[in-house]
Number of protein chains: 2
Amino acid sequence: MDHAHQHEHSIERELECVSQVPIFQRLADEQLISVAQVTRPIHADKGGTVFSTGEVSQTLYIVNTGQVRLYHLGDDGREQVLRVLNPGDFIGEIALFTDEVHSSYAEATKKTELCTISRQSLTKLIAGMPELSMNLLGALADRLKSAERQATLLAIPDALPRLAGYLQELSGHQAGTFDLPMSKQDLAAYLGMTPESLSRKFRQLTTDGVIETVGRRQVRVTDADELATVAPE
Amino acid sequence: MDHAHQHEHSIERELECVSQVPIFQRLADEQLISVAQVTRPIHADKGGTVFSTGEVSQTLYIVNTGQVRLYHLGDDGREQVLRVLNPGDFIGEIALFTDEVHSSYAEATKKTELCTISRQSLTKLIAGMPELSMNLLGALADRLKSAERQATLLAIPDALPRLAGYLQELSGHQAGTFDLPMSKQDLAAYLGMTPESLSRKFRQLTTDGVIETVGRRQVRVTDADELATVAPE
DNA sequence: CGTTTCTTTGAAGTCTATCAAACTGCGTGG
DNA sequence: CCACGCAGTTTGATAGACTTCAAAGAAACG
């Protein structure tokens, strides 16, 4: 096999990955190449494992295409979904600063392409690219914001406003149709309730004329004002 | 008034603040001075407001001494505590990237000193100090971790393991005495339950010989193993 | 087109919230 | 320094909400 050609091909693929990811946006072409050079692509088929609990990692994973589901496994075997990673999302940022022992499983829900960057490489990159660190800081701040929002939602004892608040956020506070980012049973775990309760709350909102469920994963908000009334704050 | 002296004094005070804050650790002295020069100290008495909901901010607040309580106000008037800031903690990092509209209140629980830095100043500092951006990234990653941990806890339907998980984390997974970072009624809101439920769960853990409550704000873990059994995972 | 997984529905039991009131630790003022 | 007063905490009883268990129905997959 032609080694040079192999190398070329590799860089191409990595550039494609790197260039599509938000945290590498607004970088000059030559900077993008620097990033691509330390990037290693990973592939996972549907149902495939990206990493498991207990693994020690010094790697940042960035989803290029596909989708990755992050979840905990409780002692009772129930899966608690932490987050769903879509293209552009990343995980492993803690590995940049400490030897992270993953406390969750990462599983591809469909054919998925990821880029990985080692801690060492990324540290070097940051030292020479202030824009990159600003991008990373911005992405982390966004995630922090949504994690705190989720915590605020989950602190609400009643299930209905908890769901309403979640839907309100997903819908962008206005009427319209959108897709749920995960299955309803995963969503139930995410919102801290059982699938049965979630189903009943969906029904209640539908009966009250606030929303309509279009298929299995689509929701249409028909009365955004009423949704805001049910939702907290 | 002697202007030069005034300036000197000002820098001294700011240096003291800056030098005690983790995110500015490991910086060279001259870098610390650069930071101090763009820092503006703020004081708040007990019960004083640092900022309120709806305020637009481009400022990073860092707690130097004292304590700040961050909370939402629900429509029913109930306060939902988001976080308690102790010396070294900071808030407003989202303001670094977007015009943050504060969605919470920040109130000093005691005499408190803070340092503030504007977005513009901090952006400039980051550009010239890779170490600073690494520190900031590390601090954000830590906060993200704890926010996700809180979300995981809150997703548990049963109150007892929710409290147990919280205590376990506070105690550092080992027996010993420690202080609660907030009042029990605030803690109840933080953990998504009523003060009455919290009190009953505390009693249950005490009766079971897992913990002892020492005063109003101290807890002693006597049986860390048993606590781990009650806590999730 | 069958099979599997996800979702919905129903009934019963448990847990938590709610309401009301007593208690206690803590700060304050005398 | 001690007594007082208030907010925070605890306790009890009840009602309501959610979970649990069981099973049927619907959608996605090969």
Side-chain angles (χ1 to χ4, degrees), chain A residues 45-47 67 69 71 74-81 84 107 109-111 153-164 179-207 211-219 230 232, chain B residues 45-47 69 71 74 76-81 84 107 109-111 153-164 179-207 211-219 230 232:
Chain A
D45 283 322
K46 177 175 177 177
Q67 189 183 64
R69 197 172 68 115
Y71 64 95
D75 359 63
D76 55 353
R78 269 179 46 171
E79 295 178 353
Q80 154 73 18
V81 175
V84 173
E107 176 198 80
T109 62
K110 55 179 93 169
K111 205 169 155 57
L153 273 182
L154 286 168
I156 301 165
D158 295 308
L160 189 62
R162 221 154 62 218
L163 172 59
D179 280 37
L180 296 176
M182 51 185 131
S183 73
K184 284 185 181 172
Q185 63 179 8
D186 281 351
L187 180 59
Y190 182 83
L191 291 176
M193 59 182 101
T194 59
E196 295 93 328
S197 283
L198 180 64
S199 174
R200 286 171 180 124
K201 297 309 165 191
F202 261 117
R203 168 145 308 286
Q204 183 174 346
L205 287 177
T206 305
T207 304
I211 64 167
E212 292 167 8
T213 56
V214 179
R216 196 162 238 182
R217 279 218 185 178
Q218 266 188 72
V219 175
V230 181
Chain B
D45 283 321
K46 177 176 178 178
R69 198 174 69 117
Y71 64 94
D76 54 355
R78 270 179 43 169
E79 295 178 354
Q80 155 72 19
V81 174
V84 173
E107 176 197 80
T109 62
K110 54 179 95 167
K111 205 168 155 61
L153 272 182
L154 286 169
I156 301 165
D158 294 308
L160 189 62
R162 221 153 62 218
L163 172 59
D179 280 39
L180 296 176
M182 53 185 126
S183 72
K184 285 185 180 171
Q185 62 178 9
D186 281 350
L187 180 59
Y190 182 84
L191 291 176
M193 59 183 101
T194 58
E196 293 93 327
S197 283
L198 179 65
S199 174
R200 285 172 180 122
K201 297 309 164 191
F202 261 117
R203 168 145 306 286
Q204 183 174 345
L205 287 176
T206 304
T207 304
I211 63 167
E212 292 169 8
T213 55
V214 179
R216 195 161 238 179
R217 280 217 182 176
Q218 267 190 72
V219 176
V230 181

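Lettering of chains follows the sequences in order, A, B, ..., and the numbering in each one begins at 1.
A straight line from NZ of B:Lys184 to P of C:dC26 spans 10 Å, rounded to a whole angstrom. Atoms CG (A:Leu180) and C1' (C:dT7) sit 13 Å apart, rounded to a whole Å. Separating the CZ atom of B:Phe202 from the P atom of D:dT10 is a distance of 8 Å, rounded to the nearest angstrom. With rounding to whole Å, B:Gln185 atom CD is found 16 Å from C:dA17 atom C1'. Rounded to a whole Å, the CD1 atom of B:Ile156 is 12 Å from the P atom of C:dT16. Counting to the nearest Å, the C1' atom of D:dG8 and the CD atom of B:Glu79 are 13 Å from each other. What separates CD of B:Gln204 from P of D:dT10 is a distance of 14 Å, to the nearest Å. A:Leu205 places its CG atom 12 Å from the P atom of C:dT8, with the value rounded to the nearest Å.
Residue B:Leu191 comes nearest to B:Arg162 through the heavy atom pair O-NE, 2.9 Å, listed as atom of the first residue, atom of the second, then distance.
Considering only side-chain N and O atoms, B:Arg203 lies under 4.0 angstrom from the phosphate OP1 or OP2 of D:dT11.
Listed by chain and number, the residues in a side-chain hydrogen bond (donor to acceptor under 3.5 Å, both in side chains) with A:Thr109 are A:Gln67 (sequence neighbours excluded). Legend: residues meeting side-chain hydrogen bond (donor to acceptor under 3.5 Å, both in side chains) with B:Gln80, ordered by chain and number and at least two apart, are absent. Scanning for side-chain hydrogen bond (donor to acceptor under 3.5 Å, both in side chains) contacts around A:Ser197 gives A:Thr194, with sequence neighbours left out.
Axis angle across the helix from C:dC1-D:dG30 to C:dG30-D:dC1, with five pairs used at each end and values rounded to 10°: 60°.
Counting heavy atoms of neighbouring residues, nucleotides and ligands inside a 6.0 Å radius, atom CZ of A:Arg203 does not exceed 12 of them.
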### Query
Which nucleotides of nucleotides 17-30 of chain D have their base under 4.0 Å from a protein heavy atom (B), which only their sugar-phosphate (S), and which neither (-), written as one string 5' to 3'?
-SBBBB---BS-S-
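To the nearest 0.5 Å, atom CE of residue B:Met193 and atom CG of residue B:Leu154 are 8.5 Å apart. To the nearest 0.5 angstrom, A:Leu180 atom CG is 7.5 Å from A:Arg217 atom CZ.
Residue pairs meeting the salt bridge (charged side-chain N to carboxylate O under 4.0 Å, His left out) criterion with at least one member in residues 184-200 of chain B, sequence neighbours excluded, are B:Arg69-B:Asp186.
A:Ser199 contributes no side-chain N or O that, together with a main-chain N or O of A:Pro195, makes up a donor-acceptor pair within less than 3.5 Å.
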